[in-house]
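Let me begin by presenting the structure, written as structure tokens, before commenting on it.
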Amino acid sequence: MEQADLQPTRPESAFVKTFPCAGCGAKLTFAPGTRELRCEYCGTANAIAENDARVEELDFDTYLKALEGKMEVQEVEEVRCDKCGAGQTLAGSLFAGHCTFCGAAIVSKSYASRRIKPKSLVPFQVNRQRAAEAFRRWVRSLWLAPGDLKRYAQSDAGLTGVYLPYWTYDCNTASDYAGERGDDYYTTETYTTQDSQGRSSTQTRRVKHTRWTPASGHVEKFHDDVLVMASKTLPAGITDSVMRFNLKGLVPYQPEFVSGYQAEAYQVTLREGFPIAKQSIDEAVRALIRRDIGGDQQRIHSVSTRYADVKFKHVLLPAWISAYRYRDKVYRFLINGQTGEVSGESPKSWWKIALLVAAVLVVLFLVLLAGGKG
């Protein structure tokens, strides 16, 4: 069994660094969709060296045992910029950000006490311009949103590039189940109707029945990279639908990819994340059981599942996050930094909703009127 490496093995300053431009000395920023750092002022580009490290799966039980009895506390702290000396605090649960005064990368010193640090990430593929364009398209698609909302989407709305923390879990499951298989069959029934003048007529109809038989069995499945967000910053309502990533894009962690962006520390621990992953795993197991039972319908009465060979990764995944104010209320949205998919909150136009309801009622009235005449 592998030995859990939970202690920092290098100075924390190496985890998030500032990369000065060789041309003008300004801070270089990672350019999405490339392997380059670019200067926003003089255009100088520096290639990011290839990393021979591998994206590895770590043993879940080994790390839980090593973490036993150890507390991890993320506290608000005063951080001093190494470049200009200004003191400031990092917002929320961020462990990496920018100096308010000179723009240099700053990192929380308390992050050095974190037992697990991300060893891989998906670099940004969507740049700020594409993210702003995606947001404007999303606003135009909101039919029930107020018409004047579109002018609020003409700027980038303060877009911030953030690497969000995630856990991925792998495991093998072996499940014994008991249930029933339903096979549908049809019979023909005859019945009599009368019209408005009292004349009778004979009609037939097909009636569906289901024949249920007991079913039981055993299924096994390997679950690969079940993703769990380790942040509590954003509501699930705007993250679930948009945070779908291709994890084949994971690369070993290098501080160059974080340069110019913020990064958040995990708030959901390794132990807390696995029960969340199990919800998705159990859904996949039940789908497999239904296929194993077969037939037209299935009933599952009991499932006993064993989870083995649980592995995990702690990864960072990219998102553009912002908020816009509309009539004194703040609405949040985010954009997947790999795919450009958008999700968010939006105001509703009550007159558009009323118009839609009225249109539906008119259609229903016309349908009922036509049925009455028939």
Side-chain angles (χ1 to χ4, degrees), residues 55-65 67 116 120 122 164-186 206-232 234-250 266-315 317 319 334 336 338-339 341 343:
V55 177
E56 294 181 315
E57 308 284 349
L58 305 174
D59 187 79
F60 180 71
D61 291 329
T62 299
Y63 271 72
L64 283 189
K65 185 176 180 180
L67 288 168
I116 305 175
S120 57
V122 171
L164 295 172
Y166 279 81
W167 302 108
T168 76
Y169 297 91
D170 295 359
C171 75
N172 288 300
T173 57
S175 305
D176 298 307
Y177 70 85
E180 292 179 273
R181 169 183 171 134
D183 294 295
D184 296 337
Y185 65 97
Y186 295 84
R206 295 182 73 211
V207 179
K208 186 175 79 171
H209 306 273
T210 303
R211 182 182 297 107
W212 292 99
T213 55
S216 62
H218 177 87
V219 295
E220 297 182 357
K221 182 175 176 62
F222 172 66
H223 306 264
D224 185 34
D225 284 340
V226 179
L227 203 59
V228 174
M229 178 179 268
S231 169
K232 298 180 181 178
L234 296 167
I238 67 170
T239 57
D240 291 346
S241 62
V242 73
M243 304 320 286
R244 292 183 285 266
F245 293 90
N246 179 3
L247 295 185
K248 292 182 179 178
L250 281 170
Y266 62 81
Q267 298 159 280
V268 176
T269 66
L270 175 64
R271 183 185 296 275
E272 292 168 340
F274 188 56
I276 300 173
K278 283 174 67 175
Q279 296 175 18
S280 298
I281 292 169
D282 290 344
E283 287 179 9
V285 168
R286 292 181 72 86
L288 183 61
I289 289 172
R290 292 185 184 280
R291 289 197 296 271
D292 195 59
I293 290 175
D296 300 302
Q297 301 182 55
Q298 305 83 32
R299 292 173 178 167
I300 302 174
H301 298 318
S302 64
V303 181
S304 176
T305 298
R306 296 174 295 283
Y307 308 86
D309 305 318
V310 183
K311 308 289 184 182
F312 79 94
K313 296 188 298 292
H314 178 30
V315 302
L317 301 178
L334 59 85
N336 186 309
Q338 184 186 39
T339 67
E341 191 175 359
S343 179

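- T305 and S175 get closest at one heavy-atom pair: OG1-OG, 2.8 Å.
- The list of side-chain hydrogen bond (donor to acceptor under 3.5 Å, both in side chains) pairs with a residue in residues 274-288, not counting sequence neighbours, reads D282-Y307.
- In this structure, L250 CG and Q338 CD are separated by 8.5 Å, a value rounded to the nearest 0.5 Å.
- Under the 4.5 Å side-chain criterion, counting only non-hydrogen atoms from C-beta, N246 is not in contact with V122.
- Between Y185 atom OH and T210 atom OG1 the span is 8.0 Å, to the nearest 0.5 Å.
- A donor-acceptor pair is defined here as one N or O able to donate and one able to accept, closer than 3.5 Å; no such pair exists between the side chain of E341 and the backbone of N336.
- With contacts defined as side-chain heavy-atom distances shorter than 4.5 Å, the pair R181/D183 qualifies.
- Contact of the C171 side chain with the D309 side chain is not registered, since no non-hydrogen atoms from C-beta on lie closer than 4.5 Å.
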- Apply salt bridge (charged side-chain N to carboxylate O under 4.0 Å, His left out) to the pair K313 and D225, showing each step before the final yes or no. CA-CA 8 Å; K313 296 188 298 292; D225 284 340; 2.5 Å; yes
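- For the pair V285 and Y177, the minimum side-chain heavy-atom distance is 4.5 Å or more.
- When the side-chain contact (heavy atoms from CB on, under 4.5 Å) test is applied to A230, the partners found at least two apart in sequence or on another chain are P165, W167, Y266, V268.
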- Message: Go through it in stages, so that I can follow the logic: the residues are E180 and R299, the test is salt bridge (charged side-chain N to carboxylate O under 4.0 Å, His left out), and I'd like the CA-CA distance, side-chain angles, deciding distance and then a yes or no.
- Response: CA-CA 5 Å; E180 292 179 273; R299 292 173 178 167; 3.4 Å; yes
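- For the atom pair S216 OG and H301 NE2, the distance stands at 11.0 Å (nearest 0.5 Å).
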- Apply side chain to side chain contact (heavy atoms under 4.5 Å, CB included) to K221 and N172, showing your working. CA-CA 6 Å; K221 182 175 176 62; N172 288 300; over 6 Å; no
- Check the pair D292, R290 against salt bridge (charged side-chain N to carboxylate O under 4.0 Å, His left out), reporting the backbone distance first and the verdict last. CA-CA 5 Å; D292 195 59; R290 292 185 184 280; over 6 Å; no
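- Remark: E220 CD to T173 OG1 distance equals 8.0 Å, nearest 0.5 Å.
- At a threshold of 4.5 Å between non-hydrogen side-chain atoms, the residues V226 and I281 count as touching.
- D224 contributes atom CG, which lies 4.5 Å from atom CZ of F222 (distance to the nearest 0.5 angstrom).
- Judged by distance alone, the side chain of Y169 and the main-chain N or O of F274 form a donor-acceptor pair under 3.5 Å.
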- Message: Evaluate D170 against V310 for side chain to side chain contact (heavy atoms under 4.5 Å, CB included), listing each step before the verdict.
- Response: CA-CA 6 Å; D170 295 359; V310 183; over 6 Å; no
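- In the displayed structure, R271 atom CZ is contacted under 6.0 Å by at most 12 heavy atoms of other residues, nucleotides or ligands.
- Residues F312 and D59 approach most closely at CE2-O, 3.8 Å, considering heavy atoms.
- Between the CZ atom of R244 and the CG atom of L227 there is a distance of 12.0 Å, given to the nearest 0.5 Å.
- The aromatic rings of F245 and Y166 stand perpendicular to each other, their planes meeting at an angle above 60°, with 30° marking the opposite boundary.
- Between L270 and L64, the closest side-chain pair of non-hydrogen atoms falls below 4.5 Å.
- Nearest heavy-atom pair across L164 and A319 is CD1-CB, 3.9 Å.
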- Verdict with reasoning, S304 to D176, per side chain to side chain donor-acceptor pair (under 3.5 Å): CA-CA 5 Å; S304 176; D176 298 307; 5.3 Å; no
